[in-house]
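Because only heavy atoms are used, hydrogens play no part in the values below, and waters and symmetry mates are left out as well, while side chains stay in.
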There are 2 protein chains.
Amino acid sequence: MFCLSYLVSCLKRNSMHSFTEENYLKAIYKLEEKTGGRVNNTDLAKALAIHSATVTDMLKKMSERKWILYEKSKGFKLTGKGRKSAVGIIRRHRLWEVFLVSKLEFGWDEVHEIAEQLEHVQSEDLINRLDSFLGYPKADPHGDPIPDENGEFMKSEAVLLSKLKAGSKARFAGITDHSTAFLSYLDKIGLALGDTIKIGSIEEFDQSYILQLKSKKEIIVSSRVTNGILVVINY
Amino acid sequence: MFCLSYLVSCLKRNSMHSFTEENYLKAIYKLEEKTGGRVNNTDLAKALAIHSATVTDMLKKMSERKWILYEKSKGFKLTGKGRKSAVGIIRRHRLWEVFLVSKLEFGWDEVHEIAEQLEHVQSEDLINRLDSFLGYPKADPHGDPIPDENGEFMKSEAVLLSKLKAGSKARFAGITDHSTAFLSYLDKIGLALGDTIKIGSIEEFDQSYILQLKSKKEIIVSSRVTNGILVVINY
DNA sequence: CATAATTTTTAGATATATCTAAAAATTATG
DNA sequence: CATAATTTTTAGATATATCTAAAAATTATG
Ligand SMILES: [Mn+2]
Ligand SMILES: [Mn+2]
Ligand SMILES: [Mn+2]
Ligand SMILES: [Mn+2]
């Protein structure tokens with residue numbers, strides 16, 4: 001009994017993380033991505049929907065374990081070790097999302113919460129076999145890149161649809177708004193990842209766009225929509 | 001914040017269980033199956049590799065929540081509600097094992113630990129879609145029956161191979177020893193679930209069996225093996 | 001049935017992850 | 001730069017799930 005718990009606690013300390021720890025790592029990674037730099041306590045607390053005091057304690061622990069660099073009042077950032085873990089979690093999340101959509105026929109607006117659970121299953125072998133089973137997908141159902149076994153992934157060249165000029169053509173490559181409401185809305189208006197979009201014209205008044213879909217149908221979308229969509233320009 | 005935690009705690013109390021609670025439910029179910037009746041504290045503690053004092057506390061909680069009937073010093077058993085939950089967990093475990101073996105090409109001796117994690121993912125929709133994706137399998141890779149959506153499953157008619165007489169023929173339908181060592185051993189000697197086995201003769205001295213495999217190869221197995229194998233007799 | 005053995009419970013402690021309220025530290029602003 | 005606003009930390013509490021040591025209860029045995 002002593003031996004077992006000792007072993008388990010060792011494993012935990014070195015290579016594994018609790019669900020909670022994994023959620024912190026992932027949240028920090030995403031905040032770093034968004035802000036491009038260091039992250040602060042308040043933002044992380046908001047992202048995790050917990051209180052600052054709780055975050056303070058966990059940051060101390062994560063700092064001791066060398067998952068983050070933490071300079072009091074200067075914000076913090078992931079170490080190499082921390083980043084590697086975070087990328088692994090994102091890899092798992094996105095591969096499971098591909099599985100759910102491509103094999104179990106879930107809608108792209110239905111998979112996130114389930115993937116939030118599946119991403120915590122610990123087995124490298126499992127995830128590499130899943131990757132192979134899915135045909136080594138490069139992106140998840142939302143167009144987000146999937147890190148490979150070594151944690152490498154393509155930096156996207158996509159830009160916001162709202163940056164394009166009238167007359168240009170582009171491929172729908174990703175989203176910045178991952179909300180279920182937005183995804184369902186896109187389903188409703190018939191816009192799917194990979195589609196070619198042509199910009200008919202842009203209304204000066206409110207920056208709404210008239211888009212020509214691959215079905216030749218024309219639709220008007222608000223700037224909220226063009227700011228939620230990432231596209232790759234066809235040269 | 002107050003609202004959210006209240007909601008979460010309500011959900012927890014009514015329809016969901018923590019990992020720990022799920023592991024207790026499953027362990028109790030399996031012990032009931034094995035002993036055929038009520039379960040006691042000590043046996044459950046052993047099955048979960050925890051201490052009796054811990055079990056006492058948890059049984060109180062499970063009793064309050066009406067998952068078990070608990071009569072002090074008379075042992076306890078699952079209520080209908082508790083049994084339903086336990087069967088649901090077993091359904092998830094076994095479906096994931098099928099997935100791991102039939103889709104990800106894991107060996108039958110490699111899947112249990114991963115399924116122990118996957119079984120805790122909470123989504124009825126997920127598990128029903130997985131069931132459909134796998135073609136509604138009736139048994140897992142170890143021959144154990146998979147409960148359907150309503151928790152119904154076939155009671156097996158299999159008997160121990162060690163009960164058969166020389167000359168009889170039977171189909172390898174399940175195992176009573178689920179250890180990795182046993183599963184790997186069966187792989188090594190070339191005995192797989194579903195195979196037809198013919199009993200050549202039985203050695204009086206130590207009850208070892210000479211088996212004729214479908215490959216016509218003959219092997220000798222000890223009584224430890226014939227007691228680990230379940231077969232269905234071909235009439 | 002008295003004693004021994006086994007099983008279960010109680011009492012008090014620990015680890016993790018959270019909270020609230022208040023204090024302290026830092027940053028922004030007139 | 002003094003004050004206000006914001007951010008972070010401290011202190012103390014709670015819930016869950018575990019432990020150890022000892023007491024209490026139950027069951028088995030001569
Ligand atoms: Mn997601
Ligand atoms: Mn995604
Ligand atoms: Mn199993
Ligand atoms: Mn199994």
Undergrad: Please list, chain by chain and in numerical order, all residues satisfying side-chain hydrogen bond (donor to acceptor under 3.5 Å, both in side chains) with A/Asp206, sequence neighbours excluded.
TA: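 By the side-chain hydrogen bond (donor to acceptor under 3.5 Å, both in side chains) rule, A/Asp206 matches A/Ser208.
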
Undergrad: Where along residues 25-34 of chain A does a heavy atom come under 4.0 Å from DNA chain C, residue by residue in number order?
TA: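 Heavy-atom contacts with DNA chain C come from no residue of residues 25-34 of chain A; none.
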
Undergrad: For A/Leu44 and D/dT8, give me the distance from atom CG to atom C1', rounded to whole Å.
TA: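 A/Leu44 atom CG is separated from D/dT8 atom C1' by 13 Å.
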
Undergrad: Which atom pairs, one a donor and one an acceptor, fall under 3.5 Å between side chains of residues 133-142 of chain A and the rest of the protein, sequence neighbours left out?
TA:
unit_1	atom_1	unit_2	atom_2	d
A/Asp140	OD1	A/His142	N	2.6
A/Asp140	OD1	A/Gly143	N	3.1
A/Asp140	OD1	A/Asp144	N	3.0
A/His142	ND1	A/Glu97	OE1	3.1
A/His142	NE2	A/Trp108	O	2.8

Undergrad: Measure centre to centre between the rings of A/Phe99 and A/Phe106, then say whether the value is under 6.0 Å.
TA: no

Undergrad: Please identify each residue that fulfils side-chain hydrogen bond (donor to acceptor under 3.5 Å, both in side chains) with A/Lys77, with sequence neighbours left out.
TA: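 Checked A/Lys77 against side-chain hydrogen bond (donor to acceptor under 3.5 Å, both in side chains); zero matches.
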
Undergrad: Does D/dT16 have OP1 or OP2 sitting under 4.0 Å from an N or O in the side chain of B/Thr20?
TA: no

Undergrad: Quick check, are the ring centers of A/Phe19 and B/Phe19 under 6.0 angstrom apart?
TA: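 Aromatic pair counts; centres sit under 6.0 Å.
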
Undergrad: Identify, with sequence neighbours excluded, every residue that meets salt bridge (Lys or Arg N to Asp or Glu O under 4.0 Å) alongside B/Arg38.
TA: B/Glu71

Undergrad: Please check the phosphate of C/dT20 (OP1 and OP2 only) for any side-chain N or O of A/His51 closer than 4.0 Å.
TA: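 Answer yes for this pair, as a side-chain N or O of A/His51 is under 4.0 Å from OP1 or OP2.
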
Undergrad: Out of A/Leu160, A/Leu186, A/Thr176, A/Val221, which one pairs with A/Ile229 under the side-chain contact (heavy atoms from CB on, under 4.5 Å) rule?
TA: A/Leu186

Undergrad: What salt bridge (charged side-chain N to carboxylate O under 4.0 Å, His left out) pairs are there with at least one residue in residues 50-61 of chain B, not counting sequence neighbours?
TA: B/Glu21-B/Lys61

Undergrad: Output the single nucleotide from C/dT9, C/dT18, C/dT16 whose closest atom is nearest the side chain of B/Tyr70.
TA: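 Closest of the options to the side chain of B/Tyr70: C/dT9.
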
Undergrad: With sequence neighbours left out, what residues match B/Ser184 under side-chain hydrogen bond (donor to acceptor under 3.5 Å, both in side chains)?
TA: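 For B/Ser184 the side-chain hydrogen bond (donor to acceptor under 3.5 Å, both in side chains) partners, ignoring immediate neighbours, are B/Asp109.
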
Undergrad: Sequence neighbours excluded, which residues qualify as ring-ring contact (aromatic ring centres under 6.0 Å, His included) partners of B/Phe76?
TA: B/Tyr70

Undergrad: Would you kindly give the CD-to-P distance between B/Glu21 and D/dT18, to the nearest whole Å?
TA: 10 Å

Undergrad: Using a strict cut-off of less than 4.0 Å between a Lys/Arg side-chain nitrogen and an Asp/Glu carboxylate oxygen, indicate whether B/Arg91 and B/Glu119 qualify as a salt bridge.
TA: no

Undergrad: Check every strand shown and say whether A/Phe19 touches a base, only sugar-phosphate, or nothing at a heavy-atom separation below 4.0 Å.
TA: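 Here A/Phe19 touches no strand at all.
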
Undergrad: For DNA chain D, what residues of residues 52-62 of chain A have any heavy atom nearer than 4.0 Å?
TA: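 Those residues whose heavy atoms fall under 4.0 Å from DNA chain D, taken from residues 52-62 of chain A in numerical order, are A/Ser52, A/Ala53, A/Thr56, A/Lys60.
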
Undergrad: Taking B/Arg83 first and then B/Glu32, would you say they form a salt bridge - that is, a charged N and a carboxylate O separated by under 4.0 Å?
TA: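 Yes, this pair counts.
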
Undergrad: Given Watson-Crick or G-U pairs with both distances under 3.5 Å, what dot-bracket string fits DNA chain C, with | for other-strand pairs and [ ] for crossing?
TA: ||||||||||||||||||||||||||||||

Undergrad: Within this structure, what is the NZ-to-C1' distance between A/Lys46 and D/dT7, rounded to whole angstrom?
TA: 10 Å

Undergrad: What is the distance, rounded to the nearest whole Å, between atom CD of B/Glu64 and atom C1' of D/dT16?
TA: 14 Å

Undergrad: Could you check which residues of residues 36-43 of chain B get a heavy atom under 4.0 Å from DNA chain D? Sort them by number, please.
TA: none

Undergrad: Return yes when atom NZ of A/Lys84 has more than 12 non-hydrogen atoms of other residues, nucleotides or ligands closer than 6.0 Å, and no otherwise.
TA: no

Undergrad: Is the phosphate of C/dT18 approached by A/Tyr24 (side-chain N or O, under 4.0 Å from OP1 or OP2)?
TA: yes

Undergrad: Specify the separation, in whole Å, of atom CZ of A/Phe76 and atom P of D/dT7.
TA: 13 Å

Undergrad: In chain order, what residues pass the side-chain hydrogen bond (donor to acceptor under 3.5 Å, both in side chains) check against B/Glu149, with sequence neighbours excluded?
TA: B/Asn128

